[in-house]
Amino acid sequence: MSMPFDIVCLSHLRWDFVFQRPQHLLTRCAQSRRVIFVEEPIFSGVTPHMDVSERSCGVMVVVPHVPDSDRDAAEAIITHLLPETLNDLDIHDYALWYYTAMAIGISSALHPVVTIYDAMDELSAFAGASSELKTREAELFKRADLVFTGGRSLFEAKRSRHPNVYCFPSSVEVGHFAKAKAPQPDPSDQATISTPRVGFFGVVDERFDIELLAGAAELRPDYQFVVIGPVVKIDPSTLPRRDNIHYLGGKSYGELPSYLANWDVAMLPFARNESTRFISPTKTPEYLAAGKPVVSTSIQDVVQPYGDLGLVKIADTPSEFVAAIDSLLSQSSTAHTERADKFLEGMSWDKTWAAMNELIEEKADQKLAMPTATITE
């Protein structure tokens, strides 16, 4: 590599929210580079400033604090403060890593060695998305040197928009979730729930099919449906309430195997709408690594490859969903677990990051090798 450089990531997700794709990748990146993770602003009515704090993995998290104001004013403030913050942190040569095209509004004063867009979701289809998102994404495609996608369907949707689009589907830390295959103490808030248990972990938002959950719970009052994760962007009062539905709130990444170990079936009850059209749920391989039988709605990146290979049962209506759960509860899991383990053999976040990093370094070297244009008067 011609020169060392750091990573400055501009994200719509908060670092301490849910441990998912950005955290998996950037904690690995932080083992060899400095990583600056810039979150969206907090409108706190205070003097504008950047709150900088380091996590145990080495990632530096930067949170802009701006007075209550409109977005244009906030972006102008952050555009001014961000280069100063990077300079204070002695960050000079860096790759700029976007998770959201909206961050174009704060990055005009930055001069990266290389620009990466990791499109983990189709954010324009999510609830509350800015009307400007598609316009800004078009601009980001012009600026980006590399585009990564979080799944196959998203890759197919983006591949014609840039010459360097690479598909990096959600991966898995097999060893972490395989802990669930061995007996684990049942967490106290789950221990009082009877069996059989059908569980979900993840963010509960507009992508979660609350009607499906309600219908399945009504059809099988003896089955216990466990939901783990924060509720965001939807009114919690709209969630179905029944004696056999249990909302346990958010849990840390480290706690998940102990919950999973004590489930009988894992579920992916995603709604089929615009917000889920391109999702590639990280929890699919995580459930499988935990040795759990899985039922999912017909999300494209779950159907292919997991459904087609018989690793996940696909069902969309409450009656189909509970019939699939019935079937999974009645069959031996040994053969299924062996096939799932075989499929997961080639998957790891370490391999994903290594492949991404190689592409980033190659692109940086290409750009640095380009002759600098001379300006003549």
Side-chain angles (χ1 to χ4, degrees), residues 15-28 30-31 55-59 169-204 223-230 246-269 280-296 302 305-306 309 311-313 325 328-329 331-354:
W15 184 264
D16 298 320
F17 179 47
V18 174
F19 200 91
Q20 51 190 309
R21 182 183 180 92
Q23 289 83 354
H24 279 295
L25 294 170
L26 296 175
T27 52
R28 284 161 174 78
Q31 293 171 16
R55 300 298 180 267
S56 58
C57 62
V59 171
S170 297
S171 196
V172 60
E173 286 186 323
V174 171
H176 179 68
F177 287 95
K179 296 173 190 171
K181 292 180 178 177
Q184 301 276 328
D186 211 357
S188 58
D189 59 347
Q190 186 171 265
T192 57
I193 299 172
S194 62
T195 58
R197 296 175 185 161
V198 183
F200 167 89
F201 67 75
V203 179
V204 181
Y223 291 0
Q224 306 301 314
F225 294 85
V226 178
V227 178
I228 287 172
H246 311 270
Y247 301 100
L248 303 187
K251 306 298 174 187
S252 72
Y253 182 68
E255 292 175 294
L256 293 178
S258 63
Y259 285 89
L260 267 166
N262 295 284
W263 294 352
D264 298 286
V265 173
M267 63 176 173
L268 292 163
S280 179
T282 308
K283 57 189 68 57
T284 316
E286 291 173 345
Y287 287 163
L288 294 173
K292 295 298 158 186
V294 183
V295 57
S296 172
V302 179
Y306 300 99
L309 293 173
L311 296 173
V312 172
K313 279 196 175 293
I325 295 168
L328 292 171
L329 288 171
Q331 61 192 40
S332 166
S333 62
T334 307
H336 174 270
T337 300
E338 287 176 356
R339 287 191 298 114
D341 288 350
K342 186 75 175 171
F343 178 83
L344 296 172
E345 271 179 7
M347 294 176 63
S348 77
W349 283 111
D350 288 340
K351 289 181 180 177
T352 300
W353 169 247

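Worth saying up front: this structure is predicted, and the values here are computed from it rather than measured.
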Is it true that Tyr306 and Phe343 have ring centroids separated by less than 6.0 Å?
->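 Judged by ring-centre distance (under 6.0 Å), Tyr306 and Phe343 do meet the cut-off.
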Quick check, are the ring centers of His176 and Phe19 under 6.0 angstrom apart?
->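 For His176 and Phe19, the ring centres are not under 6.0 Å apart.
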Contact check, side chains of [X] and [Y], non-hydrogen atoms, under 4.5 Å:
X: Ile193; Y: Val226; result: yes
X: Lys283; Y: Leu268; result: yes
X: Thr282; Y: Val172; result: no
X: Phe225; Y: Arg197; result: no
X: Val294; Y: Leu311; result: no
X: Ser171; Y: Asp350; result: no
X: Phe201; Y: Leu260; result: yes
X: Val203; Y: Phe17; result: yes

Which is it for Ser252 and Glu255 under the side chain to side chain donor-acceptor pair (under 3.5 Å) test, yes or no, and what are the steps along the way?
-> CA-CA 5 Å; Ser252 72; Glu255 292 175 294; 3.2 Å; yes
Trace of the side-chain contact (heavy atoms from CB on, under 4.5 Å) decision for Lys181 with Asp341 | CA-CA 12 Å; Lys181 292 180 178 177; Asp341 288 350; 2.8 Å; yes
Working for side-chain contact (heavy atoms from CB on, under 4.5 Å), residues Leu328 and Lys313 | CA-CA 8 Å; Leu328 292 171; Lys313 279 196 175 293; 3.9 Å; yes
Minimum heavy-atom separation for [X] to [Y], with atom names?
X: Ala261; Y: Ala182; result: CB-O, 4.1 Å
X: Ser296; Y: Val312; result: CB-CG1, 3.7 Å
X: Lys251; Y: Asp189; result: NZ-OD2, 2.6 Å
X: Val302; Y: Thr284; result: CG2-OG1, 3.8 Å
X: Gly202; Y: Pro230; result: O-CD, 4.0 Å
X: Met267; Y: Val227; result: CE-CG2, 4.4 Å

Without swapping roles, check the side chain of [X] against the backbone of [Y] for a donor-acceptor pair under 3.5 Å.
X: Thr352; Y: Ser348; value: yes
X: Gln184; Y: Tyr259; value: no
X: Gln190; Y: Pro187; value: no

Would you sort out whether Trp15 and Cys57 count as a side-chain contact (heavy atoms from CB on, under 4.5 Å), showing the intermediate values?
-> CA-CA 12 Å; Trp15 184 264; Cys57 62; 3.9 Å; yes
Spacing of [atom1] belonging to [X] relative to [atom2] belonging to [Y], to within rounding of 0.5 Å:
X: Leu26; Y: Trp353; atom1: CG; atom2: CH2; value: 7.0 Å
X: Glu286; Y: Leu256; atom1: CD; atom2: CG; value: 7.5 Å
X: Ser170; Y: Trp349; atom1: OG; atom2: CH2; value: 5.0 Å

Given salt bridge (Lys or Arg N to Asp or Glu O under 4.0 Å), test Lys292 with Asp264 step by step and report yes or no.
-> CA-CA 7 Å; Lys292 295 298 158 186; Asp264 298 286; over 6 Å; no
So Phe177 and Tyr287, ring-ring contact (aromatic ring centres under 6.0 Å, His included) or not? Walk me through it.
-> CA-CA 8 Å; Phe177 287 95; Tyr287 287 163; 8.5 Å; no
Electrostatic pair Glu173:Arg28 at N-O distance under 4.0 angstrom | yes
Do Gln23 and Val18 pass the side-chain contact (heavy atoms from CB on, under 4.5 Å) test, and can you show the C-alpha distance, the side-chain angles, and the key distance before you say yes or no?
-> CA-CA 9 Å; Gln23 289 83 354; Val18 174; over 6 Å; no
